[in-house]
Amino acid sequence: LDLDMAANLKMLGENSWEEFSIEVPWGTVAGKWWGSRNRQPIIALHGWQDNCGSFDRLCPLMPADVSILAIDLPGHGKSSHYPQGMQYFIFWDGICLIRRIVRKFNWKDVTLLGHSLGGALTFMYAASFPDEVYKLINIDIAGPTVRGVKRMAEGTGKALDKFLDYETLPESKQPCYSYDEMIKLVLDAYDGSVDEASVRILMNRGMRHNPSKDGYLFARDLRLKVSLLGMFTAEQTLAYARQIRCKVLNIRGTPGMKFETSVYGDVIATLKEHASKVVYLEVPGTHHLHLVTPERVAPHINQFLLDH
């Protein structure tokens, strides 16, 4: 019955967004603001190497009286890359970015929506500011990616060299593709997690034209590919999970993403001990189920938003 109620809501629809941009010390952070600008929005964060287009199919199915601010994380989409010489710590940088935005607009009792890396960041924000988050909605992620300490230690040197190599790679050496080649390349790289229509949506913000070669380059910062630094142990992730007090909706895709350890279940169990409410659902779909099959995901989110 409840899902039927959610199904009868007036929806935002496909064209109810506008470009968003704020200035930050290193440039700008861009995104898409869905719904009215006169309301405090849900803050939505996409996954690693994606962009805010990740929510382009989900947002139109959300209630018309809701606003969503989907941002391009630094180095992704239309947001500025970090200055030369700076490294990305992808599991940390976005936490401060959420804080920066919340403080800038003086928003209270925020609701956060995250997919994959974005969900790790919203989880960390909810743990770091437990009294300031109202609801946390995460899609196919429980918390930050966990690595064994041995693997982290062994991989650090390689990660640092990779960073320095990417930093000095001139644009002329970066591969340039035709539009169709780019779409096929990205479709293959996602290995079944997205369909072609989803790739085209992501690539609206995910590639840029290179006039000198009349082809396309990836828009995202190459340095983002160095993702190992600043990862978490299971112990750290569970310590943060114990801090979360807000209402939580966690939608896990089945099969979704293959996680290496049992930490997903451990995080959910820990949240159930401390958070004010936890709704854990398994929904058929790939890791990008909110993008490929949003009609399976939206009713659950809408219901969670309706329930006070």
Can you tell me if [X] uses its side chain to pair, donor with acceptor, with the backbone of [Y] under 3.5 Å?
X	Y	answer
T237	A234	no
R296	P284	yes
R252	I141	no
T293	L289	yes
K135	L113	no
S193	Y190	no
H300	I251	no
N250	V279	no
T28	A30	no
H81	A219	yes

What do the steps show when you test Q174 against L222 for side-chain contact (heavy atoms from CB on, under 4.5 Å), and what is the final call? CA-CA 9 Å; Q174 292 178 30; L222 268 177; 3.7 Å; yes

Y88 and its ring-ring contact (aromatic ring centres under 6.0 Å, His included) partner, picked from Y166, Y82, F163: Y82

Can you list the steps and then say if I101 with I22 is a side-chain contact (heavy atoms from CB on, under 4.5 Å)? CA-CA 9 Å; I101 292 170; I22 54 164; 3.7 Å; yes

Quick test of your reading of the model: are [X] and [Y] salt-bridged, counting only N-O distances below 4.0 Å?
X	Y	value
K32	D56	yes
R245	D131	no
D180	K184	no
E167	K162	no
E18	R37	yes
R57	E295	no
E19	R205	yes

What's the verdict on side-chain contact (heavy atoms from CB on, under 4.5 Å) for M231 and M152, showing C-alpha distance, side-chain angles and the deciding distance? CA-CA 8 Å; M231 276 193 177; M152 281 198 259; 4.0 Å; yes

Please determine which of V66, I301, L69, L112 meets the side chain to side chain contact (heavy atoms under 4.5 Å, CB included) test together with I42. V66

Could you label the plane-to-plane angle of the [X] and [Y] rings as parallel, tilted or perpendicular, counting under 30° as parallel and over 60° as perpendicular?
X	Y	value
W107	F105	parallel
F218	Y177	perpendicular
H287	H115	tilted

Residues, nucleotides or ligands: over 12 heavy atoms within 6.0 Å of [X] [atom1]:
X	atom1	result
E14	CD	no
E235	CD	no
D191	CG	no
M86	CE	no

Considering non-hydrogen atoms only, spot the tightest contact between [X] and [Y] and give its length.
X	Y	value
L291	P294	O-CD, 3.6 Å
G85	R223	N-NH1, 3.8 Å
G13	W34	O-CZ3, 3.6 Å
C246	A275	O-CB, 3.3 Å
L9	P63	CD1-CG, 3.5 Å
A241	L271	O-CD2, 3.7 Å

Can you measure from [atom1] ([X]) to [atom2] ([Y]) and round to the nearest 0.5 angstrom?
X	Y	atom1	atom2	result
L249	L281	CG	CG	6.0 Å
L97	Y125	CG	OH	10.5 Å
W33	S16	CH2	OG	13.0 Å
L228	F89	CG	CZ	10.5 Å
C52	I68	SG	CD1	12.0 Å
N51	L73	CG	CG	9.5 Å

Indicate, with yes or no, if the rings of [X] and [Y] have centres closer together than 6.0 Å.
X	Y	answer
Y264	F259	yes
Y240	F123	no
H46	F55	no
W92	F232	yes

Salt bridge (charged side-chain N to carboxylate O under 4.0 Å, His left out) evaluation trace for E154 with R147: CA-CA 11 Å; E154 288 169 351; R147 285 280 182 274; over 6 Å; no

Just so I know, are the side chains of [X] and [Y] near enough to count as touching, which here means a heavy-atom distance under 4.5 Å?
X	Y	answer
V267	L238	yes
Y216	E181	no
V283	T254	no
Y134	V110	no

Hey, mind stepping through I201 and M203 against side-chain contact (heavy atoms from CB on, under 4.5 Å) and telling me if it holds? CA-CA 5 Å; I201 289 172; M203 285 297 107; over 6 Å; no

For R220 and D50: C-alpha separation, side-chain torsions, deciding distance, then whether salt bridge (charged side-chain N to carboxylate O under 4.0 Å, His left out) applies. CA-CA 8 Å; R220 55 129 172 82; D50 289 346; over 6 Å; no

Please determine, by modelled atom types, if D140 and S116 share a side-chain donor-acceptor pair under 3.5 angstrom. no

With distance as the sole criterion, is a donor-acceptor pair present between the side chains of S198 and H288 under 3.5 Å? no

Report yes or no: do L229 and L117 belong to one cluster of Ile/Leu/Val/Met/Phe/Trp/Tyr joined by side chain heavy-atom distances under 4.5 Å? yes

Give a yes or no on whether I98 and I90 share a hydrophobic cluster (residues Ile, Leu, Val, Met, Phe, Trp, Tyr; joining criterion: side-chain heavy atoms under 4.5 Å apart). yes

Report the C-alpha distance between R208 and E171 in whole Å, list the side-chain angles of each, state the deciding distance to 0.1 Å, and finish with yes or no for salt bridge (charged side-chain N to carboxylate O under 4.0 Å, His left out). CA-CA 12 Å; R208 58 188 173 87; E171 192 166 288; 2.8 Å; yes

